[in-house]
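Scroll down for the structure; my scribbles are underneath it.
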Amino acid sequence: MNISDAKQAAGHGGGAPGPRAAVEAPATVGQPEVAGTALDAGPGSGAAAGAEAGTGPGSGPGSGGRRAALAPVGLVLAGCVSVQFGGALAVNLMPRAGALGVVTLRLLFAAVILLAVCRPRLRGHSRADWGTVVAFGVTLAAMNGLFYQAVARIPLGPAVTLEVLGPLALSVLASRRLVNVVWAGLALCGVFLLGGGGGFGGLDPAGVAFALGAGAMWAVYIVFSARTGRRFPQADGLALAMAVGAVVMLPLGIVESGAKLTVPSTLGLAAAVAVMSSVLPYTLELLALRRLPASTFAVMMSLEPAIAAFAGFLVLDQGLTLLELLAITLVIAASMGAVRTQVGRGKVKTGP
């Protein structure tokens with residue numbers, strides 16, 4: 001069953017034209033129906049422009065296909081680096097504003113920036129469109145709220161290690177290709193080694209539970225991010241979803257932190273966290289998901305624990321053991337395998 005068939009069988013509808021080249025996917029998993037073409041990207045979007053790389057003068061079919069396949073991979077990697085160093089900065093901000101206060105300010109600043117830049121159109125959308133963007137916004141709020149509660153209790157590296165299990169589960173469930181199961185399994189070994197060989201017993205149980213909950217919301221985020229990207233042009237859907245998430249978190253942040261949220265220095269740091277952890281990575285990932293298969297995207301998310309460990313080392317003075325270095329090697333190997341799978345698939349699609 002190809003993606004167009006899965007779309008109809010699952011009743012997703014969708015506001016974008018169907019993909020020209022389909023990726024094998026079961027209809028029952030709810031995998032984002034993403035293909036490596038420009039047709040699933042909104043008109044004039046960066047994703048569409050990247051998908052058309054190699055069509056101009058001086059670009060051969062082989063080099064153009066490789067660049068088109070690598071473009072969404074680069075977007076995901078840039079988003080990973082930005083979000084993890086933003087997370088490290090947020091940990092330093094928590095003593096001033098609390099975990100929920102930091103999430104509230106992060107989403108508020110991100111929503112204001114995206115609404116000002118995108119100026120999304122409010123009319124002309126169906127009830128299904130609005131349902132999708134509201135669900136995406138609630139997911140954003142839940143994912144961030146749970147994760148920040150986790151890093152307030154356990155170190156950044158182990159928190160992201162546990163969180164990434166959600167995308168890995170999606171990778172296995174959403175793909176029928178054996179090679180993606182292999183990459184997911186290798187990454188799974190790495191993330192458990194990064195957590196101390198699977199022994200998370202020394203961590204705060206509440207922090208572990210919050211991190212696992214954030215991982216579940218991360219898997220849901222992948223699904224709704226792709227659906228939102230197809231229903232709204234550019235990053236309009238993301239801007240609206242960020243506003244929904246900010247409204248959801250605002251009462252919780254006020255209850256926890258109150259007047260601490262209005263301190264100028266706190267507001268300045270929160271604005272930086274918003275750009276690094278929300279605006280930049282979410283926009284890059286949304287654009288990437290329009291052309292990157294969900295299973296490949298989910299395995300690439302295994303880079304998050306490795307990047308988080310380095311961010312913790314550089315920003316928070318959290319050292320790396322030999323076991324953690326071995327884990328990072330396994331995680332990077334899995335992500336490299338996922339990249340090679342994506343590039344190879346791009347070659348097949350653009351070949352004669």
Side-chain angles (χ1 to χ4, degrees), residues 79 82-84 86-118 120 130-154 156 159-160 163 166 206-207 209-225 228 232 235-283 285-286:
S82 181
V83 76
Q84 292 309 324
L89 179 60
V91 172
N92 283 329
L93 184 57
M94 286 180 188
R96 301 187 185 195
L100 294 180
V102 172
V103 176
T104 299
L105 291 176
R106 167 181 164 175
L107 294 180
L108 278 172
F109 276 113
V112 169
I113 293 170
L114 285 173
L115 289 173
V117 171
C118 299
W130 284 112
T132 298
V133 83
V134 168
F136 188 25
V138 172
T139 301
L140 283 172
M143 179 178 69
N144 285 289
L146 290 169
F147 178 71
Y148 277 61
Q149 289 286 1
V151 296
R153 293 168 171 82
I154 61 178
L156 184 62
V160 178
E163 187 192 26
F210 281 128
L212 291 173
M217 289 297 100
W218 195 354
V220 177
Y221 157 77
I222 293 172
V223 175
F224 280 107
S225 178
T228 300
F232 292 83
D236 288 9
L238 175 63
L240 294 171
M242 199 69 72
V244 171
V247 170
V248 170
M249 288 302 305
L250 184 58
L252 300 177
I254 291 175
V255 168
E256 181 183 75
S257 303
K260 294 179 182 178
L261 300 180
T262 62
V263 176
S265 60
T266 298
L267 291 173
L269 288 173
V273 171
V275 172
M276 295 177 65
S277 297
S278 292
V279 177
L280 183 58
Y282 289 158
T283 301
E285 290 170 8
L286 186 147

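These numbers were taken from a predicted model, which means no experiment stands behind them.
The two residues Ala90 and Val102 come nearest to each other via the heavy atoms CB-CG1, 4.0 Å. Nearest heavy-atom pair across Leu280 and Ser82 is CD2-OG, 3.6 Å. When all heavy atoms of Leu238 and Thr228 are compared, the closest pair comes out as N-CG2, 4.1 Å. Here the shortest heavy-atom pairing between Val275 and Pro281 reads O-CD, 3.8 Å. Considering all non-hydrogen atoms of both residues, Ala150 and Ala159 come closest at CB-CB, 4.5 Å.
For Ala241, the side-chain contact (heavy atoms from CB on, under 4.5 Å) partners are Val133, Phe136, Leu140, not counting sequence neighbours. Annotation: side-chain contact (heavy atoms from CB on, under 4.5 Å) contacts of Met217 (sequence neighbours excluded): Ala142, Met143, Leu146, Val220. When the side chain to side chain donor-acceptor pair (under 3.5 Å) test is applied to Glu163, no partner is found at least two apart in sequence or on another chain. In terms of the side-chain contact (heavy atoms from CB on, under 4.5 Å) criterion, residue partners of Ala152 (sequence neighbours excluded) are, by chain and number, Met94, Ala99. In this structure, the side-chain contact (heavy atoms from CB on, under 4.5 Å) partners of Ala243, at least two apart in sequence or on a different chain, are Ala111, Leu115. Annotation: side chain to side chain donor-acceptor pair (under 3.5 Å) contacts of Ser277 (sequence neighbours excluded): none.
Here the CG atom belonging to Leu240 is positioned 12.0 Å from the OG1 atom belonging to Thr132, to the nearest 0.5 angstrom. Taken to the nearest 0.5 Å, the CD1 atom of Ile254 stands 7.5 Å off from the OG1 atom of Thr104.
The side-chain hydrogen bond (donor to acceptor under 3.5 Å, both in side chains) analysis of residues 136-149, with sequence neighbours excluded, yields the pairs Arg106-Asn144, Arg106-Tyr148, Asn144-Tyr282, Gln149-Arg153. Pairs passing the side-chain hydrogen bond (donor to acceptor under 3.5 Å, both in side chains) check and including a residue from residues 235-250, sequence neighbours excluded, do not occur.
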Donor-acceptor contacts under 3.5 Å from residues 262-271 side chains, at least two apart:
| residue | atom | partner | partner atom | Å |
| --- | --- | --- | --- | --- |
| Thr262 | OG1 | Ala259 | O | 2.7 |
| Ser265 | OG | Arg96 | NH1 | 3.0 |

As a quick check of understanding, evaluate side chain to side chain contact (heavy atoms under 4.5 Å, CB included) for Phe147 and Val103, giving each step before the final call. CA-CA 9 Å; Phe147 178 71; Val103 176; over 6 Å; no

Could you please spell out the steps behind the side chain to side chain contact (heavy atoms under 4.5 Å, CB included) verdict for Leu250 and Leu108? CA-CA 8 Å; Leu250 184 58; Leu108 278 172; 3.9 Å; yes

